[in-house]
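In what follows, residues are counted from 1 in the order of the sequence shown.
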Amino acid sequence: MDQGRVVEAFRLESGQLAAAMTRVSAAEWRLPTRCAPWKVSDLLAHVRVVIAWLPGMLAAPAPTRAEVSAVEYYRPDDRFAPGANAARIALAQDHAAEQFGGAALAEGFNATWQRVDQLCRAEPEGRVVRTRHGDPMLLSEFLLTRVVEVAVHGLDLADALGREPWLTSQAADLVQGLLLGPDGTAALGKLGWGQLRFLRKATGREPITREEALDVTRQGIRWLTLG
């Protein structure tokens with residue numbers, strides 16, 4: 001995965017999310033999202049938390065080699081177990097509660113993603129990092145998982161706020177490639193879905209019928225484990 005391409009997609013998608021959050025009213029921060037029990041404020045706090053791991057990762061010694069890809073990062077292990085999900089929920093709620101209102105939360109997210117973007121742009125191609133789960137990964141591969149977080153939860157936030165999705169084509173293409181591989185465009189054509197509809201269905205944002213599930217299986221597509 002080209003590191004520059006991922007960094008640019010992260011910048012564009014995070015910028016769109018940050019801009020959208022500046023227009024959220026005091027009442028809207030308390031709206032429920034599909035990611036229960038999170039409210040809008042909690043969900044943005046979660047996105048901020050998951051990208052805020054990067055500065056510490058980049059400051060730590062680099063592993064000698066990468067051993068885990070972005071696809072392998074989403075393997076169904078303890079990181080997506082009920083206990084880990086409960087801790088993830090509580091961490092986001094605690095972070096949201098620590099802020100002095102939604103405006104402060106939005107400003108904090110904006111500052112965090114910009115710092116992460118700046119740090120990543122200073123790293124050489126092929127930089128290896130170690131995740132908090134212990135996975136040695138190329139920075140490009142780990143940052144791709146952060147693009148997934150910003151993009152997919154951006155859809156959740158747009159839906160909760162009753163707004164049109166602000167998903168960028170750069171982020172959408174990367175997430176599609178992660179889910180479908182290099183021949184994704186052909187597979188998508190055979191399914192007969194548009195890109196946005198595919199991303200919604202593949203990430204559980206839109207129901208999938210039994211016949212659609214059979215079509216997915218026939219195409220050899222395997223969904224990733226998402227928390």
ask   = Shared ILVMFWY cluster between Leu138 and Val129, side chains joined below 4.5 angstrom?
value = no

ask   = Out of curiosity, Arg200 CZ to Leu167 CG, how far, rounded to the nearest 0.5 Å?
value = 9.0 Å

inquiry  = If you compare all heavy atoms of Thr33 against all heavy atoms of Val40, which two are closest, and at what distance to 0.1 Å?
reply    = CG2-N, 3.7 Å

task = Go through the steps for Arg23 and Glu28 under the test side-chain contact (heavy atoms from CB on, under 4.5 Å), then give the verdict.
result = CA-CA 10 Å; Arg23 299 189 294 273; Glu28 287 176 324; over 6 Å; no

ask   = Taking the side chain as C-beta and beyond, is there a heavy-atom pair between Tyr74 and Leu178 under 4.5 Å?
value = yes

query = Taking the side chain as C-beta and beyond, is there a heavy-atom pair between Leu44 and Met21 under 4.5 Å?
reply = yes

ask   = Does a sphere of radius 6.0 Å around CZ in Arg210 hold more than 12 heavy atoms from other residues, nucleotides or ligands, not counting ones at 6.0 Å or beyond?
value = no

query = Has the side chain of Arg48 got a donor or acceptor atom that lies under 3.5 Å from a matching backbone atom of Leu43?
reply = no

message = Would you say Met1 ends up clustered with Val71 if hydrophobic residues are merged whenever their side chains have heavy atoms under 4.5 Å apart, either directly or through other cluster members?
response = yes

query = So does Arg34 pair up with Asp156, basic N to acidic O under 4.0 Å?
reply = yes

task = Could you tell me whether Glu125 atom CD has more than 12 heavy atoms of other residues or ligands within 6.0 Å of it?
result = yes

key: Derivation of the side-chain contact (heavy atoms from CB on, under 4.5 Å) call for Phe198 and Leu180   = CA-CA 10 Å; Phe198 164 74; Leu180 291 177; 3.4 Å; yes

request  = Verify the neighbour count for atom CD of Gln118: are there more than 12 heavy atoms of other residues, nucleotides or ligands below 6.0 Å?
outcome  = no

message = Would you compute the distance between atom OG of Ser41 and atom CG of Leu105 and round it to the nearest 0.5 angstrom?
response = 6.5 Å

task = Flag the pair Asp42 / His46 as yes when at least one side-chain heavy-atom distance between them is below 4.5 Å, and no otherwise.
result = no

ask   = If we only count heavy atoms from C-beta on, is the Leu199 to Arg205 side-chain gap below 4.5 Å?
value = no

Rounded distance (nearest 0.5 Å) linking atom CZ of Arg115 with atom CG of Leu58 = 9.0 Å

task = Begin with the C-alpha distance, continue with both residues' side-chain angles, and end with the deciding distance and a verdict on side-chain contact (heavy atoms from CB on, under 4.5 Å) for Arg5 and Asp173.
result = CA-CA 11 Å; Arg5 182 186 177 199; Asp173 288 346; 3.9 Å; yes

query = Do Arg75 and Val68 come close enough that some side-chain heavy atom pair is under 4.5 Å?
reply = yes

message = So Arg130 and Met57, do their side chains get closer than 4.5 Å, heavy atoms only?
response = no

task = Consider only side-chain heavy atoms of I, L, V, M, F, W and Y, link residues closer than 4.5 Å, and tell whether Val116 and Val128 are in one cluster.
result = no

inquiry  = Please give me the minimum heavy-atom distance between Cys120 and Leu143, naming the atom from each residue.
reply    = SG-CD2, 4.2 Å

task = Taking the side chain as every heavy atom from C-beta outward, state whether Gln3 and Val7 have any pair of such atoms under 4.5 Å apart.
result = yes

query = Any idea which heavy atoms bring Ala92 and Ala45 closest together, and the distance?
reply = O-CB, 3.4 Å

ask   = Shortest non-hydrogen contact from Arg146 to Tyr73?
value = NH2-OH, 3.2 Å

key: Between CZ on residue Arg197 and CD1 on residue Ile208, distance to nearest 0.5 Å   = 9.0 Å

task = Apply side-chain contact (heavy atoms from CB on, under 4.5 Å) to Asp215 and Glu211, showing your working.
result = CA-CA 6 Å; Asp215 286 342; Glu211 184 57 38; 3.6 Å; yes

key: Transitive ILVMFWY side-chain link Leu155 to Leu188, under 4.5 Å   = yes

ask   = Quick one: do the Thr168 and Glu13 side chains pair a donor with an acceptor below 3.5 Å?
value = yes

task = Quick one: pull up CD in Glu206 and CG in Leu196 and give me the separation to the nearest 0.5 Å.
result = 8.0 Å

ask   = So among Val47, Ile51, Val49, Leu54, which one has a side chain to side chain contact (heavy atoms under 4.5 Å, CB included) with Thr112?
value = Ile51

ask   = For the residue pair Ala18 and Trp113, what are the closest heavy atoms and their distance?
value = CB-NE1, 3.6 Å

remark   = For Gln99 and Ala104, the nearest pair of non-hydrogen atoms, with its separation, is OE1-O, 4.1 Å

ask   = How about Thr145 and Thr131: do any of their side-chain heavy atoms sit closer than 4.5 Å?
value = no

task = Could you walk me through whether Gln170 and Glu8 pass side-chain hydrogen bond (donor to acceptor under 3.5 Å, both in side chains), step by step?
result = CA-CA 8 Å; Gln170 292 85 351; Glu8 182 64 4; over 6 Å; no

query = Does Trp29 have Lys39 sitting over its ring (NZ/CZ under 6.0 Å from centre, angle to axis within 45°)?
reply = no

query = Looking at CG of Leu12 and OG of Ser169, how far apart are the two atoms once the value is rounded to the nearest 0.5 Å?
reply = 8.0 Å

query = Is atom CZ of Arg218 surrounded by more than 12 heavy atoms (other residues, nucleotides or ligands) closer than 6.0 Å?
reply = yes

key: Whether Thr22 side chain and Ala19 backbone form a donor-acceptor pair below 3.5 Å   = yes

